[in-house]
Amino acid sequence: TRYISVTAVQTCALPIFNIDATYRSQRTFYVNSRLDYGIQGDGLRDVSATVGYDSSFVKFFQTFYYTRAVTLIPSLAAFADANGKEAGTLRGSQWSPSLMLGRKDRGLYGGASFFFDFQNRRATQTSPMISSLYTIGYTYNCCSVALQYYTFNVGVRKENRVAFSFRLNGIGSFG
């Protein structure tokens with residue numbers, strides 16, 4: 001299956017050209033890319049690229065994100081933030097890989113996912129890893145159990161959390 005979509009939209013009074021392209025060479029492998037391009041001189045605003053592999057036992061994908069702090073055109077300069085940029089736009093470079101092994105519908109499964117921010121962590125010289133999620137679980141015919149460990153660290157705010165869940169098929173879940 002091959003799928004490519006190209007759209008043009010207008011956002012925040014600025015013409016933005018959005019491209020979303022996905023290519024599947026076979027049922028298990030895919031590549032996706034998205035970008036926003038300002039056509040009034042602001043150029044590339046953001047781009048993401050994803051590569052994934054999705055089979056019945058192994059699921060892997062990783063996404064790279066790049067964003068730019070956008071300078072507003074002179075007629076909209078009154079709406080700029082303190083740095084003269086469009087409010088809410090930041091320069092950034094992030095990467096998010098994930099891996100899941102096993103089948104969540106029966107038997108043992110587990111995996112991990114991470115989120116790294118390379119651009120905004122340089123000033124503090126801390127680890128670029130913002131968050132991580134580790135999962136292990138087992139699914140029986142009638143129910144399933146799962147255990148997750150989650151970390152989140154943005155310098156000022158640091159969290160660690162353990163979560164347990166139990167699901168009884170056809171009834172519900174709690175955790």
Side-chain angles (χ1 to χ4, degrees), residues 1-3 5 7 9 11 18-36 45-69 87-175:
T1 305
R2 293 179 184 103
Y3 173 78
S5 170
T7 58
V9 297
T11 307
N18 303 87
I19 297 176
D20 180 357
T22 301
Y23 175 74
R24 279 191 183 270
S25 62
Q26 51 186 303
R27 189 170 183 225
T28 57
F29 178 75
Y30 64 92
V31 176
N32 175 272
S33 184
R34 299 171 187 211
L35 71 87
D36 293 329
R45 297 170 65 91
D46 56 70
V47 64
S48 71
T50 301
V51 175
Y53 178 80
D54 186 0
S55 72
S56 61
F57 186 76
V58 176
K59 295 175 186 347
F60 170 77
F61 72 91
Q62 62 179 354
T63 302
F64 173 76
Y65 307 92
Y66 172 76
T67 58
R68 245 184 77 234
T89 63
L90 299 171
R91 184 171 179 210
S93 176
Q94 296 92 24
W95 178 50
S96 179
S98 295
L99 174 67
M100 181 68 81
L101 301 173
R103 294 179 55 171
K104 290 178 87 173
D105 60 344
R106 71 171 175 203
L108 183 65
Y109 65 90
S113 63
F114 306 94
F115 187 80
F116 298 93
D117 186 345
F118 298 106
Q119 184 67 40
N120 298 315
R121 301 298 279 208
R122 289 184 188 155
T124 60
Q125 297 185 358
T126 59
S127 168
M129 188 165 71
I130 299 293
S131 66
S132 63
L133 175 65
Y134 305 92
T135 303
I136 188 162
Y138 194 89
T139 302
Y140 301 90
N141 289 336
C142 63
C143 57
S144 67
V145 293
L147 182 65
Q148 292 185 317
Y149 177 66
Y150 174 76
T151 66
F152 182 80
N153 183 359
V154 289
V156 185
R157 181 174 161 207
K158 185 175 183 179
E159 297 177 4
N160 296 314
R161 179 175 56 206
V162 175
F164 170 79
S165 67
F166 175 77
R167 184 186 76 212
L168 190 56
N169 294 343
I171 304 293
S173 63
F174 74 93

Should the heavy atoms of other residues, nucleotides or ligands under 6.0 Å from CG of N141 be counted, would the total exceed 12?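 Count not over threshold, so no.
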
Is the ring centre of [X] less than 6.0 Å from the ring centre of [Y]?
| X | Y | answer |
| --- | --- | --- |
| W95 | F116 | yes |
| Y65 | F118 | no |
| Y140 | Y138 | yes |

Might you work through the side chain to side chain contact (heavy atoms under 4.5 Å, CB included) test for R167 and S144, ending with a clear yes or no? CA-CA 5 Å; R167 184 186 76 212; S144 67; 3.6 Å; yes

Distance-only side-chain donor-acceptor flag, D46 / T67, under 3.5 Å: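 Side-chain D/A pair, D46 to T67: absent.
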
Determine, step by step, whether N160 and N153 satisfy the side-chain hydrogen bond (donor to acceptor under 3.5 Å, both in side chains) criterion, reporting the C-alpha distance in whole Å, the side-chain angles of both residues, the deciding distance to 0.1 Å, and the verdict. CA-CA 9 Å; N160 296 314; N153 183 359; over 6 Å; no

Given S165 and S173, is the side-chain hydrogen bond (donor to acceptor under 3.5 Å, both in side chains) satisfied, shown in steps? CA-CA 7 Å; S165 67; S173 63; over 6 Å; no

Non-hydrogen side-chain atoms of [X] and [Y] separated by less than 4.5 Å:
| X | Y | result |
| --- | --- | --- |
| Y150 | V162 | no |
| L108 | I136 | yes |
| Y149 | R161 | no |
| F64 | S48 | no |

Let me see the working for T63 and T50 under side-chain hydrogen bond (donor to acceptor under 3.5 Å, both in side chains), right down to the final yes or no. CA-CA 4 Å; T63 302; T50 301; 2.8 Å; yes

Ignoring hydrogens and angles, tell me if any N or O in the side chain of R24 forms a donor-acceptor pair with the backbone of R27 under 3.5 Å.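 Judged by distance alone, yes, a pair lies under 3.5 Å.
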
So, the side chain of T135 versus the backbone of G110: is there a donor-acceptor pair under 3.5 Å, distance only?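 No.
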
Assess whether side chain to side chain contact (heavy atoms under 4.5 Å, CB included) is satisfied between V154 and V156, documenting all intermediate values. CA-CA 6 Å; V154 289; V156 185; 5.5 Å; no

Qualifying residue for side chain to side chain contact (heavy atoms under 4.5 Å, CB included) with L99, from F114, Y53, F60: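 That would be F60; it is the only one of F114, Y53, F60 passing the side chain to side chain contact (heavy atoms under 4.5 Å, CB included) with L99.
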
